[in-house]
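First the structure, in the form of structure tokens, and then the observations on it.
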Amino acid sequence: MTAYIIRRLFQLVIVLIGVTFITFMMLKLVPGDPAVALAGKGATQQRIEFVRHERGLDRPFYVQYYKYVTRLLHGDLGESLYTGLPVRDMITQAAPVTIQLAVAAVLIEMLGIPLGVYSALRQYSFWDTTLTTLALIIWGIPVFVLGYFAMYIFGLKLNLLPIGGAGLPYILWILPSSWESFTYLILPALTLGIIEVAYISYMQRASMLEVSRSDFIRTARAKGLSERKVIWGHGFKNAVIPVMTIAGIDLGALIGGAIITETVFSRPGIGLMIYHAIGQRDIAVIAGGVLFATFFFVFANLLVDLGYAWVDPRVRLED
Amino acid sequence: MSRRNRKWVGLVALVAILIVAGLVIAACGSSSSSSSSSPSSAGTPKAGGTYNFPLGAEPISIEPLNTQESEGANVEHQIFQGLEILKLQPDGTTQAVPDLADGPPQVNSNATVFTFKIKQGVMFGPPVNREVTAQDFVDSFNYVAQAKNQSATVYILAPVLGIDAKTGYAGKNGLTGVKALDKYTLQITLSYPFADFPATLVHPITHVFPVDYANKIGRKAFFDKPVGTGPYMVQDWTHNQSVTLVKNPSYWNTSGSGDSAKPGNVDTINMPIYTDTSTEWLAFQKGTLDYSAVPAGNVHAAENNANVKSGAWTAKAYASTAVYFISVAMNHPMLGGANQGPNLPIRAALNYAADRTAVCNIVNEGVTIPSDEIVPVTIPGYKPGLNPYPYDPAKAQPELDKFTGTLPTNIPYWYNSGSSHDKIAQVLIAGWTKAMPKLSFKLNGIETNSYWTQCGQGKAPALFRMGWIADYPSIDNFIYLFTTQGGLYGSYSRYSNPEVDKLFKQARSTLDQTQRFALYNQAQSLILADAPCVPVYTYRDFRVTNNKIGGFSYNSFGLINMWDVWVK
Amino acid sequence: MAERLLEVKDLSTQFFTHAGIVKAVNGVSFTLDRNETIGIVGESGSGKTVAALSLKRLLPARPGQVVEGSLMLGARNLRTISDDEMRGVRGNDIAMIFQDPMTSLNPVMKIGKQIAEAITLHQDKSKREAWKMAIDLLARVGIPDAPKRVDQYPFEFSGGMRQRAMIAMAISCNPDILIADEPTTALDVTIQAQIIDVVREMQAQFNSGVILITHDLGVIAEIADKVMVMYGGRTVEYGPVDEIFYNAHHPYTWGLLASLPRLDASEKERLTPIKGQPPNLITLPAGCPFTVRCPYRRDECRDNWPELEIVAAEHGVHCWVPVDERQGLRVELPHFKEPVA
């Protein structure tokens, strides 16, 4: 197990190095000249060149990359081209907002597991059909549509929850500090989470159905175990393994969804930060944001994999 | 799946759709009755309360150094002041009038030296609390013009003596043209004549701030919590979430004299950041905000909203100082070449047949104003009827027939992707090809940053979409676009007409305003006759405001004097 | 006479599917005594596994259903007892080992726990005692280093070892009846013999009755006391093992025997497969399901199910071919010829 964790941490470092490179590469390959935007309106070519030189944008790509990575190793993510703010500060400020949303969405997402099991155990019943159909409908709705709809109903019409905002400040970095702060979290988390609930419950149902037809479930029944023990003792653990894998991969989608969700709900998180930075072609901020998102994704996946190993001895004991 | 199960799925889907539809219908049916306040009536301004004004994005900056887009400008406008201030005129134009300057400047005969008297008793807000002197202006100008402070709006100071024309920043010896003659006298010397120079002094980069204090607390700290002389001051800027302003307790203009800001009415200005207009609009409807933009496609719905009809809200389009036009690549032989050369009939015909009204109505929901001129209606000196090829599709084909060469086909039409530039292009092309069936166009949408880079490099082959927002209320700002230099760095059209350059220069050295405007418009007539562009419209900003707020005004630069607003 | 453990009478099991009613088992009867081993043979789809699963009420819940017959386990009718009672029966009275040991064990549960689980359920044993018993059982089924192995997961076991573990699990509660459903099919030949040995040893130790389901007559010859030949959900012939091998009366049995490799057969005679496809269980004829493939079919075969005909002691057959004719035909078949010296 320790070897497994060490190996995964090593992989994490490689992935992060790769990501800094790819991010940089992407920004270099995308057409358009950041110096033009930075030089301001109506700038002469001379001024554009001056600004380009001043900001080091005329250096060869590998020099810019090398400088970036060197600074990175010192914990310096550079400064925003536009505001001059340290990217590290921007991320420290935005990260809790995103992590709070992601954690809340994952917790909501977990609801999909019991729902899926319930559906599978009552295959073709009224509730199974209802849940499955609803899951398919919800799954097909784009995040922003669901977001506006939720805000319209719960924020405007029912006047229960706030429209937009992050409900800062937090305690213990990500926990809402008050009921009011918490109310800001409800809609975005539900919007992001419910689509994942639909997805997870659908997958959990399929997985549970498949497992319940497997030979070892028959063996468990043949032993005379009660249905409860057959389902939870033997079926569930096996059925949840593929769902965990999906959930892990799905974290990527969750971060992608967070960008849209944060924009729709005006939540000042990493997603919104990247969204703005892309519009402004703010290389340092995009690179920092993507780096953070990757780190978050890889780290969360590591957690999922550890959970996976904990559940499945085949993974845990292979090495 | 058995027939029975299929029936279940169908039933459940139907029920789900009905529920959703029901919610939508219910939501649409019940009109929101959150606000019961009466339509705006004059009333007497009252102190206290909070004004909730949304920002559409995180400001890039809220201090003079780098304020550029409207979000930052509206924050900066409440905190900082300069020699001049924008004043909305009864005729709808916005003009520069003295603010911290005590009256208009003294100008030398060729409009290169401007001497301002500074008002006495102007104070920087807490924690600086010290009187503003002419030296503070000298320091402020020098600070923002320094290359190391990397201002993106330093181009405003371009006429000032001491700016290095190559870099756009102050040269080695600083801004030699800005001098404090005594405690309250400031002299600004320009490197070339520019009679309308005082109009540039409304721009944030010319505003005064305590440089000593900024240096003391450091770049980052001043960025977050800058200090000025305005009626409000920054209480908090939670990045990406909100900016909160509170009344400046030691605001200097207690008597409320002149055109300078009066002491504020509301105690707090709460400026939450709503990056998505739809969300902002929802929040406004909920009553969280007192002001809102309206998402595209919702203008007519907003105009017909029950609260607007009842007078609880006001929905209105405010003319701005921005123009939309289609530039012609004069450096390219397809439509360009000599100003009065063989391609002129094509350019003139395009002007005749440009259905600007259709663009404004079909694409822009009636918000924009059709215009066939370069200068927007909100700019002092605007004069209608200068375009020799006004909209008249019947004249287009006869005009085109004057063209003797081989008619170009698939004329390239570039635009930056996003927004509704593609739709505007389609409407214009529909009008052109209807009037002149032999013409054909080829649309090319390009990613925004790449688009400006390529247009700047003169790579656009024929037609390309352009826009221009005034930085200050002067007609000079627009005529400049079609001077030889402006053709390179402003309109990107590569247009050059020595006559225009001559008139432009002459106008800049003419002190008399009437004569000056006449010269600028003479230049505009020449430009329009050469048709290096197809003007399309002047922008307006559609805004909905809550009438429980009094004293609201919106100038053509999109700025709101928030010290005037009050909660009824 | 030995103690009668099980008496199955007229068992019919059907599956109600979208395509139609699958008549998997049609009126099958047999008995099982203590210490006795009955072999049920037939091709896949002949209904032998379904018959066994019917006994344990392990048919896939929705479509599968016992529609007729009585299943008497001593005095209890397995068709009518409650689910709770049935759970008792499953562990205590009738244990079962399955065809594929690779998939029949829970991959994420320790072998020991999978065995101990059944013990704590049916016997008054603590977890620790059950664990000890599991080690003991593993040792008894011939797993070396049982104290270590008990702590491992199925993926750490070979196929043969897993089947041994399955047997250990099955016998953990001293069942009266052990159903072995193709216990050797998925294993290679050397392991097959070992597993059969284990089954036999366990039977000897616990005095169980064994129902051995297989399509492999070789295994039957080795272990069974009596044989039931199934085809298309019906018993076509049954009898003591020697009778079936040396005095078979049904053409299908002959076919099965013909497909059995014989060491003494000449190259040409080896392995004669039965021509044709297994029957479609939805569109079974009213008569003998083997009719279509039977080389000796006659007019009455298709529509009428022949009465049971007792041809020797404990040896019955359902066939329209008259008995003397059958004997004549059988003599002609290569497999019933005396080996040429």
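Since the structure is predicted, the reported quantities are computational estimates derived from the model, not experimental observations. A note on names: the letters A, B, ... follow the listed sequences, proteins ahead of strands, and every chain is numbered from 1. All values below were derived from every heavy atom in this structure, side-chain atoms included, with hydrogens, water molecules and symmetry-related copies excluded.
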*Which of Ser226(A), Gly235(A), Ala222(A) touches chain C most, by non-hydrogen pairs under 4.5 Å*: Ala222(A)
*Should we count CD of Glu85(C) as having more than 12 external heavy atoms under 6.0 Å?*
yes
*Kindly give the heavy-atom pair with the smallest separation between Asn238(A) and Pro107(C), and that separation in Å.*
OD1-CG, 3.1 Å
*Under 4.5 Å heavy-atom distance to chain C, tell me which part of Ile241(A) shows up: side chain, backbone, both or neither.*
side chain
_Min side-chain heavy-atom separation Asp215(A)-Gln99(C) under 4.5 Å_ = no
Let me have the donor-acceptor pairs involving side chains of residues 165-181 of chain C, under 3.5 Å, with sequence neighbours excluded, atom names and distances please.
from: Ser172(C); atom 1: OG; to: Met169(C); atom 2: O; distance (Å): 2.7
from: Asp176(C); atom 1: OD1; to: Arg34(C); atom 2: NH2; distance (Å): 3.2
from: Asp181(C); atom 1: OD1; to: Thr49(C); atom 2: OG1; distance (Å): 3.2
from: Asp181(C); atom 1: OD2; to: Thr49(C); atom 2: OG1; distance (Å): 3.3

_Interatomic distance, Leu225(A) atom CG to His122(C) atom NE2 [nearest 0.5 angstrom]_ = 7.0 Å
*Any chance you could measure Asp312(A), atom CG, to Tyr153(C), atom OH, to the nearest 0.5 Å?*
9.0 Å
_When you measure from the side chain of Lys223(A) to the backbone of Ala118(C), do you find a donor-acceptor pair of N or O atoms at a distance under 3.5 Å?_
no
*Taking only heavy atoms into account, what residues of residues 124-152 of chain C are found under 4.5 Å from chain A?*
none
_Residue pair Ser104(C) / Thr219(A): nearest heavy atoms and the distance that separates them_ = O-OG1, 2.6 Å
*asked:* On a heavy-atom basis, which atom in Asn106(C) and which in Gly233(A) lie closest, and how many Å separate them?
replied: ND2-O, 4.1 Å
*If you draw a 6.0 Å radius around OH in Tyr202(A), do more than 12 non-hydrogen atoms from other residues or ligands fall strictly inside?*
no
_Could you measure the distance from the OG1 atom of Thr103(C) to the CZ atom of Arg218(A)? Nearest 0.5 Å is fine._
7.5 Å
*Measure the CZ-CZ distance between Arg57(C) and Arg221(A) for me, rounded to the nearest 0.5 Å.*
13.0 Å
_Residue part contacting chain C, namely of Val211(A), when any heavy atom lies under 4.5 Å_ = neither
*Which one of Met96(C), Met102(C), Glu117(C) has the most heavy-atom pairs closer than 4.5 Å to chain A?*
Glu117(C)
*asked:* Please find the pair of heavy atoms, one from Gly224(A) and one from Leu121(C), that lie closest to each other, and give the distance.
replied: O-CD2, 3.1 Å
